[in-house]
Structures are given as C-alpha cells and as structure tokens.
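See structure below.
Just follow the structure's listing: the first ligand is 1, and inside any ligand the first atom is 1.
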Amino acid sequence: MSLTELEQRIFERIAHEGALSFAAYMQMALYEPGCGYYVSGTHKMGWEERDYFTSTDLSTLFALCMGRQLQHMWEQLKRPRSFVALEQGAGRGHLAQGVREWAEKESPDFYAALDYRIEDIRAGQDARDTAAHTTSHETAAPSVILSNELIDAFPVHIVEKHGERLYEIFIGVQHGRLVETLREPDNAVCEEYLDGYRVPWRSYSDGWRAEINLDALRWMERASTLLQRGFVFTIDYGDKARALYTRERREGTLVCYYNHTLNDRPLLRPGQQDITAHVNFSALIEEGRRHGLRLNAFTTQHDWLQNMGISEELERMRMRDYAASVTDRASDEGQIALLRWYALRQGVAALMDPAGMGNFKVLVMRRS
Ligand SMILES: C[S@@+](CC[C@H](N)C(=O)[O-])C[C@H]1O[C@@H](n2cnc3c(N)ncnc32)[C@H](O)[C@@H]1O
C-alpha cells in the first residue's frame with residue numbers, strides 16, 4: 001500500500017520523535033503545510049461530492065440575520081465611521097458576500113461604514129496565530145471578530161480516565177499502521193483544565209474520554225488582543241463545560257466528515273477528511289474574561305435567529321416573493337411559487353432545528 005505525502009511525513013515524525021499527542025497528529029492531519037486537510041485542495045464544503053455543508057448553504061436568511069446582528073453592534077458602538085468586521089475561517093466567503101449584499105440594499109448608512117474582511121487558513125491566515133496578526137497603525141482594529149464553525153477545527157488533546165488519573169491518547173505506528181496508545185500526559189494541564197470548569201470526571205467510569213482544545217484558549221487570547229473596543233461573535237457546536245463533559249458522553253465528541261458521511265476513525269485518510277470536536281464554551285467565556293472581555297450573550301442558534309427576526313422575514317418574503325403561492329395557488333405559477341417557498345422554509349427549519357444546527361451555540365463577548 002503506497003503512502004500519501006502526509007502519511008509519510010507523519011510516519012517519519014513518529015520514527016524521529018516517538019508517538020505524537022493526538023493534538024499534534026490532528027494538527028498535521030488538518031494543517032500540515034501543503035497537504036493538511038484545510039490547507040490542501042481536498043478541503044470540501046457545500047453540497048455535491050463535498051464533505052460537509054454549513055449554515056450559508058441552507059439559506060440566505062442566515063447572512064441576513066448576521067447583517068442585522070452586525071448592524072446592531074455598529075449601533076451599540078455609536079455608529080463609528082469605519083466598522084471593521086473581521087471574519088475568521090470564512091471559507092468560501094459566502095457569509096461576507098451575503099452580509100455585504102444585505103447591507104447595501106437594506107441599510108446604506110451601515111453599508112458605508114462596513115469594512116468586512118475575511119481570513120482563512122487556506123489563504124495562510126491562521127486564526128490562532130497571535131504574532132502574525134498584531135494590529136499595526138495602518139490596519140484599523142476590528143470592531144467585531146466573527147466566526148462560524150471555526151473553533152471546532154482546532155486540534156484537541158484526547159484524555160481517557162482510569163482510576164484517579166487522566167491518561168492521554170498518543171498516536172504511534174504498529175505493523176505499518178497508525179494506532180492509538182495510552183500514555184501518562186506530559187503535565188497536569190488536562191486535569192487542571194477539567195478541574196477548572198468543575199467537571200466531576202473522577203466520579204466517572206473508567207474509559208471515559210474527553211477532548212481538550214487548548215488552541216481555543218490561545219485563539220480567545222489573540223482575539224481579545226486584537227479587539228480594542230467591540231465584540232467577539234462566534235457560532236459553533238458545543239456547550240458549557242458541565243453540559244459537554246458529562247458522565248453519559250463516554251466517547252467524547254470527536255467526529256470525522258468524509259463525503260457527507262460521519263465516522264469516528266480519525267486515523268483513517270489523514271489529510272482527506274475533516275476532524276472536529278465540540279467546543280467548550282465555558283473555556284471561551286472564562287478566557288475572554290481573563291483578557292478583559294465581558295459576556296454579552298450566550299444562546300442557541302435557534303434563539304439567536306429568532307431574535308434577529310428570521311420568522312418575520314420568512315413571512316415577509318412569502319408575501320413579497322411568493323405571493324402567488326397564497327393568492328393563486330391552483331395555477332402553475334402558484335404551484336411553482338409554493339414549491340420555492342417550501343424550499344426556503346425547509347432551509348430555515350434546518351438552520352433552526354433544535355436537534356441539529358438550531359442547537360449550535362452563539363457566543364458574544366464585548367470589550368467596552
Ligand atoms: C467548517 S468551515 C466553515 C466555513 C465558513 N465559516 C462557513 O460557515 O461556511 C471551517 C473553515 O475554517 C477554516 N479554518 C480552519 N482552521 C483555521 C484556522 N486555524 N485559522 C483560520 N481558518 C481556519 C477552514 O479552512 C474552513 O474554511
């Protein structure tokens with residue numbers, strides 16, 4: 001069996017350094033220059049023959065709500081003449097495009113102030129990298145740093161509970177294949193992390209696993225450094241620590257996406273599949289506070305969209321763009337309008353599904 005370029009690099013590194021922490025392995029699988037999943041051409045977003053889709057694939061109303069959200073923030077900051085919104089992990093830039101289009105049409109004053117910038121690791125901009133992004137005098141500090149499904153991609157350590165201790169998953173090679181091994185962690189960081197959020201892991205049964213995303217802390221530190229006055233706004237799947245690290249969730253939350261199929265085998269096809277884990281929002285909130293931010297809102301995507309008026313907008317669009325579905329339902333035109341309206345409504349339902357994306361969490365932190 002021939003190895004890919006990335007597999008060769010992983011095998012060589014293990015041969016030189018010994019087994020890698022899962023986080024080091026995940027860093028290579030997703031970010032290794034030239035061949036990691038997010039930095040190579042294998043990274044696939046959207047519908048057909050892709051690995052996964054995101055909220056902007058479901059409905060343009062997601063960008064409309066984000067536009068309204070940013071406009072509220074601009075108002076709260078007393079309408080500055082220049083309002084820099086920095087979207088990190090922006091992917092294809094669909095959200096940026098949707099927000100700009102919405103603002104241009106619906107809110108010209110806001111549009112005139114809006115300076116919406118996008119970054120992505122694919123363009124070499126790493127959202128975790130503090131040194132590379134310190135604000136200079138030429139670059140205005142952002143008023144908002146926003147992201148959708150970014151932090152779940154950061155590499156995680158995986159710990160497993162045995163007795164009174166947490167052991168860490170390392171990745172080694174056996175008979176020419178990548179395998180997991182359980183090791184004493186290098187330090188007590190992971191135990192301190194869980195204890196810091198009062199997770200009663202010592203009372204859980206042996207074999208219980210959890211992911212620890214230390215890069216999320218670095219990201220929050222970087223974001224708060226960039227922000228002189230304004231907001232950090234992030235959406236992702238996950239929860240507060242006590243709801244995330246539960247006794248019942250014995251296997252942790254790590255999953256891989258390949259061709260719209262979910263699997264739990266991160267050692268398969270490194271570089272060709274996405275690997276993600278739920279986000280611990282308590283960590284983001286507390287780290288933000290440590291760096292001078294305060295909690296502005298923590299809610300679900302369902303409630304956030306509702307607050308941004310998505311249902312009213314849906315109804316407004318029905319009467320404006322699909323009126324024939326109401327007034328002339330029996331005609332061909334009415335039937336077509338009805339089908340289009342159903343498709344729109346379906347997309348919004350998926351965004352708000354409490355058992356799916358509607359349960360994503362929305363975090364807003366603020367520096368006054
Ligand atoms: C799940 S996609 C979400 C894309 C987009 N936000 C959306 O909602 O469609 C994650 C995005 O984050 C980018 N990404 C992953 N890790 C990153 C990092 N450390 N810094 C910047 N971008 C990153 C990926 O390249 C990808 O475009």
Review point. Is there at least one pair of N or O atoms, one from Ala127 and one from ligand 1, spaced under 3.5 Å apart?
Key: yes
**Study point:** Aromatic plane relationship, Tyr193 with Tyr245 - under 30° parallel, 30 to 60° tilted, over 60° perpendicular
**Key:** perpendicular
Review point. Does Leu150 come within less than 4.0 angstrom of ligand 1, counting non-hydrogen atoms of the residue?
Key: yes
Check your understanding: Which bit of Ile121 is near ligand 1, meaning a heavy atom under 4.0 Å away: side chain, backbone, both or neither?
Key -> both
Practice item. Can you sort out which atoms of ligand 1 are near Arg92, meaning under 4.0 Å from one of its heavy atoms? Key: 9 (O)
Practice item. Return yes or no for this condition: an N or O of Thr54 is under 3.5 Å from an N or O of ligand 1. Key: yes
**Study point:** CD1 on Ile145 to OG on Ser224, rounded to 0.5 Å
**Key:** 8.0 Å
**Study point:** Subset of ligand 1 atoms that lie under 4.0 Å from at least one heavy atom of Arg128
**Key:** 19 (N)
Review point. Which option out of Tyr31, Phe154, Tyr38 puts a heavy atom nearest to atom 16 (N) of ligand 1?
Key: Tyr31
Check your understanding: Any idea how Phe298 and Phe281 line up, ring-wise: parallel (<30°), tilted (30 to 60°), or perpendicular (>60°)?
Key -> tilted
Review point. Is there any N or O on Arg122 that sits under 3.5 Å from an N or O of ligand 1?
Key: no
Check your understanding: Between the side chains of Asp274 and Tyr38, does any donor sit under 3.5 Å from an acceptor?
Key -> yes
Check your understanding: Is there at least one pair of N or O atoms, one from Ala90 and one from ligand 1, spaced under 3.5 Å apart?
Key -> no
Exercise for review: Tell me yes or no: between the side chains of Asn280 and Tyr197, is some donor less than 3.5 Å from an acceptor?
Suggested key: no
Review point. Should you measure from each heavy atom of Gln125, which atoms of ligand 1 turn up under 4.0 Å away?
Key: 20 (N), 21 (C)
Review point. In this structure, which one of Ile235, Leu70, Val364, Thr234 forms a side chain to side chain contact (heavy atoms under 4.5 Å, CB included) with Leu146?
Key: Leu70
**Study point:** For Glu149, the ligand 1 atoms whose distance to one of its heavy atoms is below 4.0 Å
**Key:** 1 (C), 2 (S), 3 (C), 10 (C)
Check your understanding: Which of the numbered atoms in ligand 1 are below 4.0 angstrom from a heavy atom of Gly91?
Key -> 27 (O)
Point to revise | From CE (Met26) to CD (Glu211), nearest 0.5 Å | key: 8.5 Å
Check your understanding: Taking N or O atoms only and a 3.5 Å limit, does Asp126 qualify as a polar contact for ligand 1?
Key -> yes
Exercise for review: Keeping the roles fixed (side chain from Lys78, backbone from Pro80), state whether a donor-acceptor pair exists under 3.5 Å.
Suggested key: no
Exercise for review: Report the relative orientation of the aromatic rings in Phe110 and Trp74; use parallel for angles under 30°, tilted for 30 to 60°, perpendicular for over 60°.
Suggested key: tilted
